[in-house]
Amino acid sequence: MPLRIYDTRSRVKNFFTPLVKGKVSIYVCGITPYSPSHLGHARQAISFDIITRWLRKLDFEVTYITNFTDIDDKIIKVALTENVDFQKISERNIENYFHVMDKLNVLRADKYSRVTETIPEIIDMISILMDKKHAYIADDGVYFEIDTAPDKYGQLTGQTLEMVRSGAGGRVGQTGGGKRDHRDFALWKNAKNGEPYWPSPWGNGRPGWHIECSAMSLKHLGETFDIHGGGRDLMFPHHEAEIFQSECCLGREYVVKNWLHNGMINVDGEKMSKSLGNFTTISDTFDSIEPLALRYALLNAPYRQPIEFNQTMLEESQIHYNRLLNTYLKAINITTPGDWSENIFLNSVTERFYDGMNDDFNTRVAFVEVQSVVKKLQESVSNNSKITHISALLGWLNEFAGNVLGLLPDEDKLNSLAIGLDKKRKNLSSTVEKLLEQRQKAREEKDWKSADRIRDELNSINVVVEDSPEGPKWKIEE
RNA sequence: GCACGGAUGGCAGAGCAGCUAUGCAAGGGAUUGCAGAUCCCUGGACCCGGGUGCAAAUCCCGGUCCGUGCUCCA
């Protein structure tokens, strides 16, 4: 089954054909770095990481652009309370973003575009919109006039001008004092006293939120591109506004071919968000779960579904991840990853894996196959199966669990993990062997009390003893 | 209020017309002094009411409940 992708605008899964054969261009709305990244950012980054990894696996030449909104009201606000330059705030949080995303095995995008590096392009775009009479100047900035393109309304969210005109129970009219209509949105905001600014034909100020993404995608990907992504919560008004701006500015329909939106992370059934105060930062989450186990947790549901975040799901994911890694390490101790293409079992596994991933990147289906290979590997190792068989299973995991799903630590880390363990094992070896000898003696005399005491002692230096028919085995657990 | 989604076993979560999803948990068993790890087996579900079909968790209609969006938000 060839690749099918769900498009938010048409609300159906379509067979995917890129604009240019063999190439895929992707733009994903990134974060506003005014505070450390939270789990929602992880979900977004991991979702599109998987999407680009899979497209590359299918041999597409992918250009993946994302951005940082490194100037905005909230950044300014934080900077004011800390009495530092706004750049200090954004830089600090961008650093945090890269730090945690690296740990989560999120591959770097081809470009992290920044608003502060795109000001001229943004001004150009607003100028064109002014020339085409889609925008007007008000006391506090420049606004896009929604009534100049009513037919473009509601392409993503199915709403009409009338629906939104009535507003959301009186919650409108609080922002953008100079608007003629509350549905209009800011393209350029005039700077108030003490705020950072850039000069423009309409005075000193900064870009509005929506225009930046139109300008950045145009700058890096051109007038039309394959995929535009982001969180579900950006559909309205952010992405609707982008459709207005880009299409009106460029005078063309369908600047974006496919709109993809990842689902939210929920806590107690409600969306995790900063305004509700129910968010957890990624760094904090690392206290209770390993980064790659968290990655596992966030890929355990297809990218469009909401994910309920709680302690149980963290624990379960940690268990799954441990099984994968431990089995992998156990096997790699015996042999190296090898060719799997001749293996019948792995061929059918691979087919189901492809079908799952090709069905709108269904990682949950892919996980089932990973689990079955892990199980098979476990079985093969304990049955002393043929080395070529173990090697094939390892090779498959290396490619699909590792390269495609990003669930395995990179080779260097695996090696250092193995070497580190090896070193520790050597250092501890004589002590452990001596104690185990004593314990065996105690066991033969049925002196369970002493035997268990020695086992506890070993546990206290992170050595886990497992009795087996061939005698006791031990391993180091961190 | 309006728009868009969703409702599957104790929990997580696929499937979206016919074939055991899967994992965790539970129960039983193998192994075991105990523990751990591993393996085998078992039970258990498709929100409610209609309809269409030989056949519906899966399609249609009508409810109910939940989430998201309508303000900044991944």
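Labels below follow one simple rule: chain letters A, B, ... track the order of the sequence lines, proteins then strands, and each chain is numbered from 1.
For the side-chain hydrogen bond (donor to acceptor under 3.5 Å, both in side chains) test with A:D467, the passing option among A:R443, A:K473, A:Q440 is A:R443; the others fail.
Across all strands shown, A:H238 has no heavy atoms under 4.0 Å from either base or sugar-phosphate atoms. Contact annotation for A:K74: base contact, defined as any heavy-atom pair under 4.0 Å involving a base atom.
In terms of position on RNA chain B, the residue among A:N266 and A:Q378 whose nearest nucleotide sits closer to the 5' end is A:Q378. Where A:E308 and A:W448 each meet RNA chain B at their nearest nucleotide, the meeting point lying more 5' is that of A:E308.
Side-chain to base pairing of A:R443 with B:rG33: one donor and one acceptor N or O lie within less than 3.5 Å of each other. Looking at A:D467, its side chain comes within 3.5 Å of the base of B:rC34 through a donor and an acceptor atom. Between the side chain of A:R455 and the base of B:rC34 there is at least one donor-acceptor pair of N/O atoms closer than 3.5 Å. For A:R439 against B:rG33, a side-chain N or O and a base N or O form a donor-acceptor pair under 3.5 Å. The base of B:rG23 has none of its N or O atoms less than 3.5 Å from a complementary donor or acceptor on the side chain of A:N300.
Between B:rG44 and B:rA21, the two C1' atoms lie 15 Å apart (nearest whole Å). A distance of about 14 Å separates the P atoms of B:rA55 and B:rC19, rounded to the whole Å. Nucleotides B:rC16 and B:rG53 place their P atoms 24 Å apart, quoted to the nearest Å. When the C1' atom is compared between B:rG6 and B:rA12, the two are found 16 Å apart, to the nearest whole Å. As rounded to the nearest Å, B:rC24 and B:rA14 have C1' atoms that lie 15 Å from one another. If you take atom P in B:rU38 and the same atom in B:rA25, they sit 10 Å apart, rounded to whole Å. The P atoms of B:rG5 and B:rC61 are separated by 13 Å, rounded to the nearest whole Å. For the C1' atoms, the distance from B:rU8 to B:rC48 is 15 Å, rounded to whole Å.
Distance NE2 (A:H210) to P (B:rU71): 10 Å, rounded to an integer number of Å. Counting to the nearest Å, the P atom of B:rG6 and the OH atom of A:Y303 are 13 Å from each other.
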* Asked: So A:N343 and A:W396, side chain to side chain donor-acceptor pair (under 3.5 Å) or not? Walk me through it.
  -> CA-CA 10 Å; A:N343 187 302; A:W396 191 93; over 6 Å; no
* List the steps, then state whether side chain to side chain donor-acceptor pair (under 3.5 Å) holds for A:D284 with A:T281. => CA-CA 5 Å; A:D284 285 348; A:T281 66; 3.2 Å; yes
* Take A:H261 and A:T8 through the side chain to side chain donor-acceptor pair (under 3.5 Å) test and state the conclusion after the steps. => CA-CA 7 Å; A:H261 292 97; A:T8 314; 2.8 Å; yes
* Would you sort out whether A:D447 and A:S450 count as a side chain to side chain donor-acceptor pair (under 3.5 Å), showing the intermediate values? => CA-CA 6 Å; A:D447 179 4; A:S450 310; 2.4 Å; yes
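Here B:rG27 is in the anti range [glycosidic angle more than 90° from 0].
Within the shown strands, nothing qualifies as a pairing partner of B:rC72 under the Watson-Crick or G-U definition with both distances less than 3.5 Å. In this structure, B:rA17 makes no Watson-Crick or G-U wobble pair, since no nucleotide meets both defining distances under 3.5 angstrom. Look at B:rG53: it lacks any Watson-Crick or wobble partner with both distances under 3.5 angstrom. Partner assigned to B:rU31 is none, using Watson-Crick or G-U wobble distances below 3.5 angstrom. Nucleotide B:rU64: paired with B:rA7 (Watson-Crick or G-U wobble, both distances less than 3.5 Å).
Proximity note for A:D233 (side chain, C-beta onward) versus B:rG69, B:rA37, B:rA21: the nearest is B:rG69. Listed candidates were B:rG33, B:rU38, B:rA74. Nearest to the side chain of A:M264 is B:rA74. With B:rU68, B:rG23, B:rG33 as the choices, the nucleotide that has an atom nearest any side-chain atom of A:H320 turns out to be B:rG23. Checking B:rA21, B:rG33, B:rG69 against the side-chain heavy atoms of A:A451 singles out B:rG33 as nearest.
A salt bridge links A:E399 to A:K57: one of the charged nitrogens lies within less than 4.0 Å of a carboxylate oxygen.
Close to B:rC24, at under 4.0 Å from its OP1 or OP2, lies a side-chain N or O of A:R323. Put simply, A:K375 has a side-chain N or O that comes within less than 4.0 Å of OP1 or OP2 on B:rC40. Between A:N322 and B:rA37, a side-chain N or O to OP1/OP2 separation shorter than 4.0 Å is absent. Distances shown here put a side-chain N or O of A:K271 below 4.0 Å from the OP1 or OP2 atom of B:rG69.
Residue-environment remark: CG (A:D268) stays at or below the threshold of 12 foreign heavy atoms within 6.0 Å.
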